[in-house]
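Read the structure below first, then the notes.
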Number of protein chains: 2
Amino acid sequence: MTLDNLLKTLHTAKCRMTSQRRTIIDVLLANENTLLSADHLLKLCQQKNPDINTTTVYRNLELLDALKLMYTVNIDRNTMGYKLVCHDYHHHHMICLICGKMEAIEYCPISPDLIDQATARGFSITNHNLELYGYCHTCHTDLL
Amino acid sequence: MTLDNLLKTLHTAKCRMTSQRRTIIDVLLANENTLLSADHLLKLCQQKNPDINTTTVYRNLELLDALKLMYTVNIDRNTMGYKLVCHDYHHHHMICLICGKMEAIEYCPISPDLIDQATARGFSITNHNLELYGYCHTCHTDLL
DNA sequence: CTATAAATGCAAATGACTGGCAATAAGGAG
DNA sequence: CTCCTTATTGCCAGTCATTTGCATTTATAG
Ligand SMILES: [Mn+2]
Ligand SMILES: [Mn+2]
Ligand SMILES: [Zn+2]
Ligand SMILES: [Zn+2]
């Protein structure tokens with residue numbers, strides 16, 4: 001996701017650019033490969049701009065989500081993780097259990113065969129999710 | 001998951017059998033292929049035994065989870081889904097988006113190759129998740 | 001039967017997130 | 001540049017699933 005792309009989409013949607021929104025976008029771009037909780041995002045934003053509010057963060061995440069610019073997934077039992085979408089084609093990710101770093105896997109191992117098996121058992125499959133979990137290089141090294 | 005198995009595990013863990021716990025277990029067994037929300041489970045339990053409390057349901061789910069007897073996953077943004085584990089070997093599921101019905105897929109498409117790719121990119125993978133989503137036969141028919 | 005520890009019920013707390021509303025400010029029209 | 005419309009923000013209170021504290025009840029080993 002590029003800044004230009006973001007700005008263009010926002011402009012098309014008649015959204016205005018505020019200092020708060022700009023900060024949020026900058027932080028999201030600087031962490032485009034990491035799943036952030038709303039709270040973590042807020043803290044990162046506040047380092048650049050103390051004038052930023054929890055509600056504003058949530059509302060901007062909601063906006064970006066509505067514009068299909070966000071990838072959101074549960075981090076744990078009760079917290080969502082947010083990051084900007086990376087590609088517009090179907091793909092999967094590997095995710096670091098410690099720092100939330102996500103790397104795209106440009107490959108989908110779901111075969112038509114598997115879908116057929118499901119169909120044969122009465123399920124009509126519409127989508128799927130697949131994530132590999134583990135430790136990124138940095139966090140793995142830190143563990144030792 | 002069999003009743004015997006459950007009772008044995010609970011006994012080994014020095015847990016006691018109360019009428020509430022027994023109701024919860026019975027309902028979970030009767031719905032062993034369906035993801036239930038805590039609230040849905042509560043309502044089903046109350047049909048058999050009005051003397052049952054939200055907190056008790058949560059505490060029993062927590063207990064069964066600690067004993068590795070539960071499969072828990074987010075149903076949506078803010079609700080967990082619970083069901084008893086089915087098999088003790090690695091497998092995946094297809095899940096009905098409407099009723100929560102889950103069917104096991106005795107097959108894992110994650111190749112050593114994919115893990116190797118991840119390793120080559122600095123990730124050490126420890127686990128993964130994969131679910132196929134769609135509509136079960138019953139719900140698909142109802143949609144038409 | 002009794003002692004002990006587990007389990008329950010209730011009410012209050014938590015914590016992520018949302019919604020109402022008045023105040024602020026972006027940015028296009030003129 | 002100025003003005004006007006309307007998006008955006010901040011504050012604060014509300015929501016909702018889930019958790020916790022604590023007094024009370026109950027299961028079960030011995
Ligand atoms: Mn795929
Ligand atoms: Mn697998
Ligand atoms: Zn990491
Ligand atoms: Zn269904």
Side-chain angles (χ1 to χ4, degrees), chain A residues 6-28 35-46 48-67 69-70 72-83 100, chain B residues 6-28 35-46 48-67 69-70 72-83 100:
Chain A
L6 274 167
L7 297 183
K8 193 159 46 172
T9 306
L10 287 169
H11 191 261
T12 308
K14 299 195 205 314
C15 300
R16 296 173 185 175
M17 186 52 58
T18 63
S19 74
Q20 294 92 330
R21 175 163 296 161
R22 188 53 205 258
T23 304
I24 291 166
I25 287 173
D26 286 346
V27 172
L28 285 174
L35 261 192
L36 298 175
S37 66
D39 192 59
H40 190 185
L41 175 60
L42 173 69
K43 290 198 168 60
L44 291 174
C45 288
Q46 286 176 331
K48 300 195 152 204
N49 180 353
D51 288 344
I52 208 156
N53 180 280
T54 308
T55 310
T56 303
V57 166
Y58 278 109
R59 279 199 275 237
N60 274 280
L61 288 173
E62 184 188 26
L63 172 71
L64 293 171
D65 192 57
L67 295 174
L69 296 172
M70 293 297 293
T72 66
V73 67
N74 277 95
I75 284 183
D76 64 43
R77 250 185 147 60
N78 58 336
T79 314
M80 292 296 284
Y82 305 88
K83 78 183 266 300
Chain B
L6 274 167
L7 297 183
K8 193 160 46 172
T9 306
L10 287 170
H11 191 260
T12 307
K14 299 197 203 311
C15 300
R16 297 173 183 175
M17 185 52 59
T18 64
S19 75
Q20 293 93 330
R21 176 162 296 160
R22 188 52 205 260
T23 303
I24 291 167
I25 287 174
D26 285 345
V27 172
L28 285 173
L35 261 190
L36 298 175
S37 68
D39 192 58
H40 190 184
L41 175 59
L42 173 69
K43 291 199 169 58
L44 292 174
C45 288
Q46 286 176 331
K48 300 196 151 204
N49 179 354
D51 288 344
I52 208 156
N53 180 279
T54 308
T55 311
T56 303
V57 166
Y58 277 110
R59 280 199 275 236
N60 275 279
L61 288 173
E62 185 188 25
L63 172 71
L64 294 171
D65 192 55
L67 296 174
L69 296 172
M70 292 296 293
T72 65
V73 66
N74 278 94
I75 285 182
D76 63 46
R77 240 182 154 64
N78 57 339
T79 314
M80 293 295 284
Y82 305 87
K83 78 182 266 301

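- B/H40 contributes atom NE2, which lies 13.0 Å from atom OG1 of B/T79 (distance to the nearest 0.5 angstrom).
- Under the side chain to side chain contact (heavy atoms under 4.5 Å, CB included) criterion, B/N78 pairs with B/D76, sequence neighbours left out.
- Among residues two or more places apart in sequence or in another chain, the side chain to side chain contact (heavy atoms under 4.5 Å, CB included) test is passed with A/A66 by none.
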- Item | B/S/- contact track for nucleotides 5-13 of chain C, protein heavy atom under 4.0 Å | BSSBBBB--
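- Annotation: side chain of A/L67 is not in contact with side chain of A/T12 (no heavy-atom distance under 4.5 Å).
- Partners of A/D51 under the salt bridge (charged side-chain N to carboxylate O under 4.0 Å, His left out) rule, at least two apart in sequence or in another chain, do not exist in this structure.
- A/Y82 places its OH atom 11 Å from the P atom of C/dA16, with the value rounded to the nearest Å.
- You can see that DNA chain D meets the heavy atoms of chain A within a 4.0 Å-exclusive cut from D/dT5 to D/dT19, reading 5' to 3'.
- Shown here are the side-chain hydrogen bond (donor to acceptor under 3.5 Å, both in side chains) partners of B/K43, two or more places apart in sequence or in another chain: B/D39.
- Looking at heavy atoms from C-beta onward, B/L28 lies out of side-chain contact with B/L69 at the 4.5 angstrom threshold.
- The residue among B/H11 and B/A38 whose nearest nucleotide of DNA chain D lies closer to the 5′ end is B/A38.
- Using five terminal pairs a side, the axes of the helix from C/dC1-D/dG30 to C/dG30-D/dC1 at its two ends make an angle of 30°, given in steps of 10 degrees.
- Under the side chain to side chain contact (heavy atoms under 4.5 Å, CB included) criterion, B/N74 pairs with A/N74, B/M80, not counting sequence neighbours.
- The side chain to side chain contact (heavy atoms under 4.5 Å, CB included) check on A/R16 picks up nothing, with sequence neighbours excluded.
- Whole-Å rounding puts the A/H40 NE2 to C/dC17 C1' distance at 19 Å.
- With sequence neighbours excluded, the residues forming a side-chain hydrogen bond (donor to acceptor under 3.5 Å, both in side chains) with B/T55 are B/N53, listed by chain and number.
- If you take CG of A/D65 and C1' of C/dA16, they are 16 Å apart, rounded to a whole angstrom.
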Side-chain polar contacts of residues 56-65 of chain B - donor-acceptor pairs under 3.5 angstrom, sequence neighbours left out - could you list them?
residue, atom, partner, partner atom, Å
B/N60, OD1, B/R21, NE, 2.6
B/N60, OD1, B/R21, NH2, 3.3
B/N60, ND2, B/T56, O, 2.9

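- For the pair B/N78 CG and C/dT18 P, the interatomic distance rounds to 8 Å; values are reported in whole Å.
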